[in-house]
*Asks:* 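Here it is, the structure in full.
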Amino acid sequence: MTGLAIAANGLRKSYGDKTVLDGVDLAVPTGTVFALLGPNGAGKTTAVKILSTLVRPDAGQVTVGGHDLATHPQRVRAAIGVTGQFSAVDGLITGTENMLLMADLHHLPKAEGRRTAAELLARLDLTDAADRPASTYSGGMKRRLDIAMTLVGDPRIIFLDEPTTGLDPRSRHDMWQIIRRLVADGTTVLLTTQYLEEADELADTIAVLHHGTIAAQGTAEELKRLVPGGHVRLRFTDPAAYRAAAHALTEAARDDTALTLAVPSDGSQRALRSVLDRLDTAGTEADELTVHTPDLDDVFFALTGNPAVPAQSTASADTDTAAANALEENAR
Ligand SMILES: Nc1ncnc2c1ncn2[C@@H]1O[C@H](COP(=O)(O)OP(=O)(O)OP(=O)(O)O)[C@@H](O)[C@H]1O
């Protein structure tokens with residue numbers, strides 16, 4: 001047992017002469033949320049379709065729930081649930097009827113099917129609407145019903161393709177809560193999203209998909225550190241203390257009017273300690289210290305906005321690219 005719910009190595013897929021996935025590696029630990037983040041057309045849906053057995057890759061090895069996708073696709077299917085971008089909900093029948101249809105597909109005995117349907121509708125806060133045709137549901141309710149239907153087979157691994165696209169902020173937050181609850185119950189979630197905030201809120205690991213490859217992968221904090229623009233901001237009230245600090249921290253950008261210094265920093269503990277040590281040595285102390293790391297927007301645009309931006313392994317020191325733009329943006 002690897003502890004990985006999903007493992008993919010060297011995934012490739014082309015449609016005609018268009019390469020959609022060009023050697024993608026993914027490792028999703030059991031019980032975590034993994035976000036595949038990318039702009040329109042990056043290949044997110046294609047990746048989900050491959051991992052959920054709907055599309056065959058041209059090359060690559062995939063294991064889902066410990067089962068080899070190539071040799072045991074039916075075992076993979078039994079372990080997963082998939083909610084696609086286009087709802088599986090039938091608008092002409094009620095919420096309960098949609099659920100019962102799903103229970104039938106999973107060959108649940110009638111009574112168990114009815115119990116499961118009622119339980120899941122309650123869990124997704126749809127009990128009051130259960131007997132109304134789904135066509136009368138709001139977008140958020142339809143999305144919740146879709147997830148309830150996905151949960152009928154009690155899958156341990158769930159794929160959610162853009163679960164909140166088109167939802168209003170309230171429904172989006174409700175969906176985040178639902179996803180968090182699923183994960184608290186031990187479910188592994190792989191979601192695709194175009195929303196950085198969503199990845200930041202939910203994901204243990206984020207992979208940025210760009211031009212068919214993973215441009216960067218890590219926690220939100222790790223990704224933010226890839227982009228230059230982070231700094232430690234020191235604010236002083238005593239001009240003498242400010243001057244002493246400016247003297248000690250020569251690389252800092254000075255604001256002599258506001259008595260603040262911005263020291264370039266990756267925001268790591270070690271970098272912070274170095275700044276504090278140098279202030280100590282200079283015998284001076286800041287009144288306020290804040291760490292500014294670039295946000296995921298900076299990372300996303302630095303990694304996907306300019307093809308010249310290097311991939312993760314070489315991204316840290318390059319400032320002659322969109323990452324430098326992010327730095328300027330950040331400094332404003
Ligand atoms: N069946 C197909 N035949 C031909 N081209 C396809 C097919 N499916 C996807 N593509 C192409 O592959 C590329 C990636 O599509 P995909 O749907 O995976 O992207 P995505 O990242 O999910 O984007 P979106 O957020 O717009 O859904 C697109 O250029 C798309 O046109």
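Quick caveat: nothing in here was measured; it's all calculated off a predicted structure. Note that ligands are numbered from 1 as they come in the structure, with each ligand's atoms numbered from 1 the same way.
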*Asks:* How about Lys44 and Glu162: do any of their side-chain heavy atoms sit closer than 4.5 Å?
*Replies:*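 With C-beta onward as the side chain, the pair touches.
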
*Asks:* Go through the structure and list residues passing salt bridge (charged side-chain N to carboxylate O under 4.0 Å, His left out) with Arg235, not counting sequence neighbours.
*Replies:* Glu288

*Asks:* Quick check: does Gly43 get an N/O under 3.5 Å from an N/O on ligand 1?
*Replies:*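 N/O-N/O distance under 3.5 Å: yes.
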
*Asks:* Number the atoms of ligand 1 from 1 as they appear, then name those within less than 4.0 Å of a heavy atom of Lys18, with their elements.
*Replies:*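 Result: 13 (C), 28 (C), 29 (O).
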
*Asks:* Any atoms of ligand 1 less than 4.0 Å from a non-hydrogen atom of Gln194? List them with their elements.
*Replies:*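 Contacts of ligand 1 toward Gln194, numbered from 1: 25 (O).
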
*Asks:* Run the salt-bridge test on Arg278 and Glu251 with the 4.0 Å N-O cut-off and return the result as yes or no.
*Replies:* yes

*Asks:* Quick test: of every protein heavy atom, which one is nearest to atom 9 (C) of ligand 1, and how far off is it to 0.1 Å?
*Replies:* Tyr15 CE1, 3.5 Å

*Asks:* State whether the number of non-hydrogen atoms from other residues, nucleotides or ligands found under 6.0 Å of Arg56 atom CZ is greater than 12.
*Replies:* no

*Asks:* Should one rank Gly41, Gly16, Ser14, Ala47 by closest heavy-atom distance to atom 14 (C) of ligand 1, which comes out on top?
*Replies:*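 The nearest heavy atom belongs to Gly41.
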
*Asks:* Report yes or no: does a heavy atom of Lys49 sit under 4.0 Å from some atom of ligand 1?
*Replies:* no

*Asks:* Is it true that Pro39 lies under 4.0 Å from ligand 1, counting heavy atoms only?
*Replies:*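 Within the 4.0 Å threshold, so yes.
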
*Asks:* Could you tell me which atoms of ligand 1, counted from 1 in the order shown, lie closer than 4.0 angstrom to a heavy atom of Ala42?
*Replies:*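 Close to Ala42: 19 (O), 20 (P), 21 (O).
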
*Asks:* Just to be sure I'm reading this right: ignoring hydrogens, which of Glu162, Lys13, Lys44 gets closest to atom 21 (O) of ligand 1? Compare them by their nearest heavy atoms.
*Replies:*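 Among Glu162, Lys13, Lys44, the closest heavy atom to atom 21 (O) of ligand 1 comes from Lys44.
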
*Asks:* Between Arg156 and Asp154, is the closest basic N to carboxylate O distance under 4.0 Å?
*Replies:*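 Between Arg156 and Asp154 there is a salt bridge, with a charged N closer than 4.0 Å to a carboxylate O.
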
*Asks:* Among all protein non-hydrogen atoms, which one is nearest to atom 27 (O) of ligand 1, and what is the separation to 0.1 Å?
*Replies:* Gln85 NE2, 3.1 Å

*Asks:* Give a yes or no on whether the backbone of Ala241 and the side-chain of Thr284 come within a donor-acceptor separation of less than 3.5 Å.
*Replies:* yes

*Asks:* Which distance, rounded to the nearest 0.5 Å, do you find between the CE of Met175 and the OG1 of Thr165?
*Replies:*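 Between Met175 CE and Thr165 OG1, I get 10.5 Å after rounding to 0.5 Å.
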
*Asks:* Can you find a non-hydrogen atom of Gly38 under 4.0 Å from ligand 1?
*Replies:* no

*Asks:* Is at least one protein non-hydrogen atom found at under 4.0 angstrom from atom 12 (O) of ligand 1?
*Replies:*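 Answer yes: something from the protein, a heavy atom, is under 4.0 Å.
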
*Asks:* Apply salt bridge (charged side-chain N to carboxylate O under 4.0 Å, His left out) to Asp256 and list each qualifying residue two or more places apart in sequence or on a separate chain.
*Replies:* Arg254

*Asks:* For atom 15 (O) of ligand 1, which of the options Leu37, Asn40, Thr46, Thr193 provides the nearest non-hydrogen atom?
*Replies:*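 The option holding the nearest heavy atom is Thr46.
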
*Asks:* Mark whether atom 30 (C) of ligand 1 lies under 4.0 angstrom from at least one protein heavy atom.
*Replies:*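 Given the 4.0 Å limit, the answer for atom 30 (C) of ligand 1 is no, no protein heavy atom qualifies.
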
*Asks:* How far is atom 22 (O) of ligand 1 from its nearest protein heavy atom, and which residue and atom name does that atom have?
*Replies:*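 Minimum-distance protein heavy atom for atom 22 (O) of ligand 1 reads Thr45 OG1, 2.6 Å.
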
*Asks:* What I'd like to find out is whether the side chain of Asp104 reaches to under 4.5 Å of the side chain of Lys110, using heavy atoms alone.
*Replies:* yes

*Asks:* Give the atoms of ligand 1, by number and element, whose distance to some non-hydrogen atom of Val20 is under 4.0 Å.
*Replies:* 12 (O), 13 (C), 14 (C)

*Asks:* If only atom types and distance count, is the side chain of Thr188 paired as donor or acceptor with the main-chain N or O of Gly31 below 3.5 Å?
*Replies:* yes

